[in-house]
Amino acid sequence: MLTRYGVLVFSLTFLSRTSSPAQLQESTTIGGYGNAFYQRDANQKKSTADVERFVLFLGHSFNAKTSFVSELEIEDAKVSGGETGGEVALEQAYLKFNIDPDHYFTAGLFIPRIGILNENHLPNTFNGNARTQVETFILPSTWRELGIGFYGSINSGPFNYSAAIVNGLNSEAFEHGSGIRQGRFEGRNASANNLAITGALQFNIGNIKTQVSGYYGGSVAAEPQQADTLGLASGMFGTPVIVGEADVQFESGAFSAKILGTIVSIPDAANINRAYANNAPQTEYGAYAEVAYNLFQNIEEAKPQQLNLFVRYEKLDMNASIPYNGTIDATLNQGHLTTGLSYLPLNNVVLKADVRFVRTGNQNPAISSGPYETSNTFITLGFGFSF
Amino acid sequence: MAISAGALTAELSSCSSLPVYRTAMNGNAITVPLSLFGEGDVHIIRADNYGYDIALRQEQDGSYLALLLLCTHAATQLTSVGDGYSCNLHGSKFDRHGVVTHGPAERPLKRFPTGVSANSIVISLG
């Protein structure tokens, strides 16, 4: 219970006069990132080109204690009325309250700490033109919701921790073939009847960064009476979605590596299927491992350029287990092998070329018909930047 | 529960890769004892009522480098990782001299002037 004394101490701590560096005396920052690509689909014999993302950061420091952080995103370059495709969306918009050098709160639309790409998704920070399949369809990056978060470090690292409470997912919007991705509210008219808690622990040991994170949230956005009619458990954590994730990143000299594994559990998937007929899975999983080598690391004249040769293997299954009333779709059991080059003439500019070999299970005639090839190859050229 | 959390925090504090020295501000400066560098060449300096940490490093020539652990991209506090400092907001990284190694930050970490007086190192905050 928060006593009056506790409230007084907290207020005095937070609002106490603090000296601050000159650059924090009320300042506004503008930044952004973006990427575009050309891709050739070998099976379809079809090429596409797209400005995939253009994102503007706008931040303002009111003082050393309080700041505002935002990201505004345009996908696919254009949104035209009446036409499909394209998106304009707030990726983040939150207030940040610093308690001390080790701790701060966030409140608003923010990205909880789950996975690697969810927080660090700028195109110059990962290899390959596309974000990983695992962190697109199993962990639906960028996954942002409304809520409050608490972030801390112990003595400025190496141990970091975070916890957040945010609005939950909407299981009515789950779509076959995209996991829980379509269930995100992303700050728009979110149901706050159902909530979610997330947490993460990071530990840095030398050049190794490790993280474990978790998510537990209710997925019924309907009001209780409607939920009862549909046979769904509603309320704060009714019909839960549970996510677990762990990853390790290593970087030393020219060599870098990362490995990530994640699992999603929807224990009441049968009830979701009965209510919404969207073939929700009971379990999904995904994992990937990547190694990269900077071919320019030991060439003094080449610095600060980087030429990173990488190879990554991903394994994911968006219907690893299904409820009794689900339909298995082996095309969602996938392996992706991607290899390519990332050339960075500067830290914040990257030119990418990669080839991705995809292999999936066979099509289920009960779901779809027509020819289907279980393997395909994608060649992608692109660029990215951030500032 | 509070006692257990405090004990756990104390135990985890001993796992810090860089030692943290807590002190008070002295006007517009921070004074640190020279004896601090008897062990280790990099220390985190945390001054009461100063919003961000400062990394103080003893250079090979005997001088001292003081870096403000504030990301130069979007003004977020940095954490010590491996052989540098990292920002969790957008992934910027800096080496122990404050030079950007990973963007989107483009400017190096702010340096404060330092001087040695008697048995102390004085960091001038300007």
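Quick note: numbers below take in every heavy atom, side chains included, and nothing from hydrogens, waters or symmetry partners. By convention in this document, chain letters (A, B, ...) are assigned in the order of the sequence lines, proteins followed by strands, and residues within each chain are numbered from 1. Being a predicted model, the structure only gives us computed values, none of them experimental.
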If one checks every heavy atom of N348(A) against chain B at 4.5 Å, the contacting part turns out to be side chain
Please classify the contact between H103(A) and chain B as side chain, backbone, both or neither, with a heavy-atom cut-off of under 4.5 Å.
backbone
Apply salt bridge (charged side-chain N to carboxylate O under 4.0 Å, His left out) to the pair K209(A) and E251(A), showing each step before the final yes or no.
CA-CA 9 Å; K209(A) 180 180 178 181; E251(A) 187 171 342; over 6 Å; no
So what's closer than 4.5 Å to chain A heavy atoms on S92(B): side chain, backbone, both or neither?
neither
L56(A) side chain reached by F54(A) side chain, heavy atoms, under 4.5 Å:
yes
Short question: side chain of K65(A), backbone of I99(A) - any donor-acceptor pair under 3.5 Å?
yes
Part of Y151(A) within contact of chain B (heavy atom distance under 4.5 Å)
neither
Can you give the donor-acceptor pairs under 3.5 Å from side chains of residues 111-126 of chain B to other protein atoms, not counting sequence neighbours?
residue : atom : partner : partner atom : Å
R111(B) : NH2  : H97(B)  : O            : 3.3
T114(B) : OG1  : Y64(B)  : O            : 2.7

A side-chain contact here means heavy atoms from C-beta on lying under 4.5 Å apart; do H43(B) and F37(B) qualify?
yes
Can you confirm if the NZ or CZ of K258(A) lies within 45° of the ring axis of F310(A) and under 6.0 Å from the centre of its six-membered ring?
no
Against chain A, work out which of P104(B), A105(B), G91(B) has the most heavy-atom pairs shorter than 4.5 Å and name it.
P104(B)
Quick one: do D41(B) and R96(B) make a salt bridge, cutoff under 4.0 Å?
no
Which bit of A47(B) comes within less than 4.5 Å of chain A, counting heavy atoms only: side chain, backbone, both or neither?
neither
Could you please state which residues from residues 112-123 of chain A sit under 4.5 angstrom from chain B, measuring non-hydrogen atom to non-hydrogen atom, sorted by number, or 'none'?
R113(A), E119(A), N120(A), L122(A)
Side-chain touch F296(A)/Q306(A), heavy atoms, less than 4.5 angstrom:
no
